[in-house]
Amino acid sequence: MDEQGYKAIIEELIKLVDEGVYVVDSDGFGLYYNEQMARHEQINVEDVVGKRFNLAFPGVSLNQSTMYQALRKGVATKNKQQTYTNLYGKEVTTINSTVPVNVEGTTVAAIEVATDITNIRDMSNTIQELREDKIPMQDPPRPRIRHYSFDDIVGENAQFQEVISRAKRAARNNASVFIYGETGTGKELFAQSIHYGSSRKDKPFLAQNCAALPESLLEGILFGTTKGGFTGAVDRAGMFEQANGGTLLLDEISAMPYELQSKLLRVLQESYIRRVGGTKDIPVDVRIIATVNESPEKLMAEGKLRSDLYYRLNVVNLSVPPLRERKDDIPLLVDALLIKHDKEYGKELWMTSDNALKKLVAYDYPGNVRELENIIVQSVAMAESEHVLTTRLLQMPRQVKPGAASAIEGWQKNEPLSQYIANVEQEIIREVMIAESGNISRTAEVLQMKRQTLQHKLKKYGILNRE
């Protein structure tokens, strides 16, 4: 194959990937620049291809340019956050990974792969400003976020009561707490109850989902940033400083990048933090409550959770049972949820029929209590003047038991197999999205696929627009 053939392959390959891709030759002239990268950086392809990288991106100084580091120094950069002004005066924030391409010891090109996080960065800044009370509250004031206590935890199952008892004992000390429970079992409910039942109850309770943000932003949000630490950085306290004296909930801690887990371990050991880009050690007194929705042993075996961090956090261990293991609590939960949502929707469903209760108890609830609540909310919302929750109001998810049906059932012979498989995939994704309350990270975890792959399929099937 000649050079033109290889170039055609590269061009088609670059079009297929979801990330932005930028390739320059040994002199820094743009060879390839895909449409995805153009959208990230909010400029045109023709502004880059055939031009030196420093002229195409004049807002990035050479000492901050990952492309310059790769071409001139042979240094690869992984997941570096950059904030700069593009050719048209628009501020853009990306996370770049840039590598030199070497042939026989000579750098012949450099490749950069980028993800646009401008909107995420703006959102995180807004969150930080709200936490620091820099944005004045509107008039009339918004309702306060509800604080949960042990009185809000519903369940009389013996195994569940033992977990509650352990949590109450944990509230009487300052030890770190590690909570394991499937999605929707109420891990944050336990975390808040421990905090507001403790001597720290008058101090801040802050929570961060570690799967919600990329590594570079998560580190800054947790530990704070120092002006000049990286391009666009400002002096800002992180969550550890903001939660000083109180409690910090780290949800889905196994989603925290491995290197960042190491930094967290040092904070737990030394009781001080250092802001990103800073040199000053800042003492902090923060109780950590960490949660995971897979068994910690499995996460450690897969390299997602550092064993030394787990053993440091696992001073008090809580394992919240899934709803399918405490079905005797379903009648209590249904009553509590009816009371809660009757008030919210202005309805009067006071009781549940025997047949409806049997139907509710028979289901296995892969989404646990959160899924049960979704079912009850739907029933209450659709009720009219009746006072009894009957099977007529219940819309239960389909639950296919293993071996209950043939894989070929439902396929029409005049239907292409690829279309049938796509329809099945679409329906499964849609139902899991509903069960997970539209949370893309949790849905991707249940489906065991990358979040980026799920987002692509959500767009492909138009699910985000429909739900």
Side-chain angles (χ1 to χ4, degrees), residues 127-128 130-133 142-155 160-213 218 221-224 237-256 261 264-265 267-269 271-273 282-293 296 309-321 336 340 368-370 373:
I127 292 170
Q128 295 283 41
L130 284 168
R131 285 191 177 127
E132 296 169 6
D133 294 326
R142 298 177 182 176
R144 292 184 63 191
I145 297 174
R146 183 176 179 186
H147 296 160
Y148 291 100
S149 69
F150 287 110
D151 292 337
D152 296 303
I153 300 178
V154 176
F160 193 64
Q161 279 291 313
E162 175 58 28
V163 178
I164 295 174
S165 177
R166 285 180 59 82
K168 287 182 176 178
R169 294 199 298 274
R172 295 195 289 268
N173 60 60
N174 286 316
S176 300
V177 181
F178 195 94
I179 305 176
Y180 160 57
E182 295 178 7
T183 297
T185 50
K187 298 185 290 295
E188 182 164 351
L189 190 62
F190 275 95
Q192 286 204 30
S193 298
I194 290 170
H195 171 78
Y196 290 109
S198 75
S199 60
R200 296 174 178 259
K201 62 184 178 182
D202 295 323
K203 298 294 184 179
F205 175 89
L206 299 181
Q208 176 61 50
N209 186 316
C210 298
L213 294 171
L218 180 60
I221 283 179
L222 291 178
F223 301 110
M239 295 182 74
F240 271 93
E241 290 177 71
Q242 295 167 26
N244 194 39
T247 303
L248 178 57
L249 168 61
L250 297 176
D251 191 21
E252 297 188 62
I253 195 170
S254 57
M256 179 182 290
Q261 291 184 33
L264 174 61
L265 179 62
V267 173
L268 293 171
Q269 292 171 338
S271 297
Y272 65 79
I273 61 100
I282 303 171
V284 289
D285 171 24
V286 178
R287 182 184 200 175
I288 299 295
I289 300 180
T291 72
V292 293
N293 50 27
L309 177 61
Y310 169 66
Y311 295 124
R312 183 77 187 190
L313 290 170
N314 194 39
V315 181
V316 176
N317 179 281
L318 300 180
S319 182
V320 185
K340 174 183 176 181
N368 292 293
V369 179
R370 185 185 294 118
E373 182 166 14

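Keep in mind it's a predicted model, so treat the numbers as computed, not measured. Each residue takes its place number in the sequence, starting with 1.
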Side-chain contact, heavy-atom cut-off 4.5 Å: Asn173 with Arg287? yes
Hey, would you say the Phe160 and Phe190 ring centroids sit under 6.0 Å apart? yes
Would you check if the side chain of Asn293 reaches a backbone N or O of Gly181 as a donor-acceptor pair within less than 3.5 Å? no
Is a side-chain donor or acceptor of Asn368 paired with a backbone partner of Thr183 at a separation under 3.5 angstrom? yes
Going from CG on Leu218 to CD on Gln208, what distance comes out if it is rounded to the nearest 0.5 angstrom? 6.0 Å
Might you point out which heavy atoms bring Ala175 and Val315 nearest each other, and give the distance in Å? CB-CG1, 3.5 Å
Taking the side chain as every heavy atom from C-beta outward, state whether Ile194 and Leu318 have any pair of such atoms under 4.5 Å apart. yes
Report yes or no: does His195 contribute a side-chain atom to a donor-acceptor pair with the main-chain N or O of Leu206 at less than 3.5 Å? no
For Leu250, which of Leu222, Val292, Asn209 qualifies under side-chain contact (heavy atoms from CB on, under 4.5 Å)? Leu222
Is the shortest side-chain heavy-atom distance between Tyr310 and Ile253 below 4.5 Å? no
What pair of heavy atoms forms the shortest contact from Glu252 to Ala211, and how long is it? OE1-CB, 3.7 Å
Show your working on side-chain contact (heavy atoms from CB on, under 4.5 Å) between Val286 and Met239 and close with a plain yes or no. CA-CA 10 Å; Val286 178; Met239 295 182 74; over 6 Å; no
Which atom pair, heavy atoms only, marks the closest approach of Leu313 to Ala290? CD1-CB, 3.8 Å
One should read off an interatomic distance between Glu373 CD and Arg370 CZ, to the nearest 0.5 angstrom, of 9.0 Å
Roughly how far, to the nearest 0.5 Å, is the CD1 atom of Ile164 from the OG atom of Ser193? 8.5 Å
Tell me, with the steps shown, if Lys340 and Asp152 meet salt bridge (Lys or Arg N to Asp or Glu O under 4.0 Å). CA-CA 11 Å; Lys340 174 183 176 181; Asp152 296 303; over 6 Å; no
Decide ring pair (Phe, Tyr, Trp, His ring centres under 6.0 Å) for Tyr196 and Tyr148; before the verdict, give the C-alpha distance in whole Å, the side-chain angles of both, and the deciding distance to 0.1 Å. CA-CA 8 Å; Tyr196 290 109; Tyr148 291 100; 9.3 Å; no
Determine, step by step, whether Phe240 and Leu264 satisfy the side-chain contact (heavy atoms from CB on, under 4.5 Å) criterion, reporting the C-alpha distance in whole Å, the side-chain angles of both residues, the deciding distance to 0.1 Å, and the verdict. CA-CA 10 Å; Phe240 271 93; Leu264 174 61; 3.5 Å; yes
Side-chain heavy-atom pair Arg200, Asn174 within 4.5 angstrom cut-off: yes
Over all atoms of both residues, closest heavy-atom pair of Ala243 and Pro204: CA-CB, 4.1 Å
Might you point out which heavy atoms bring Leu265 and Leu309 nearest each other, and give the distance in Å? CD1-CA, 4.0 Å
Once rounded to the nearest 0.5 Å, what's the spacing between atom CD1 of Ile289 and atom OG of Ser198? 8.0 Å
Given side chains that start at C-beta, do those of His147 and Phe205 come closer than 4.5 Å, heavy atoms only? no
Gap separating the CG atom of Leu248 from the CD atom of Glu241, nearest 0.5 angstrom: 12.0 Å
Measuring from atom CD1 of Ile179 to atom CZ of Arg166, what distance do you get when rounded to the nearest 0.5 angstrom? 11.0 Å
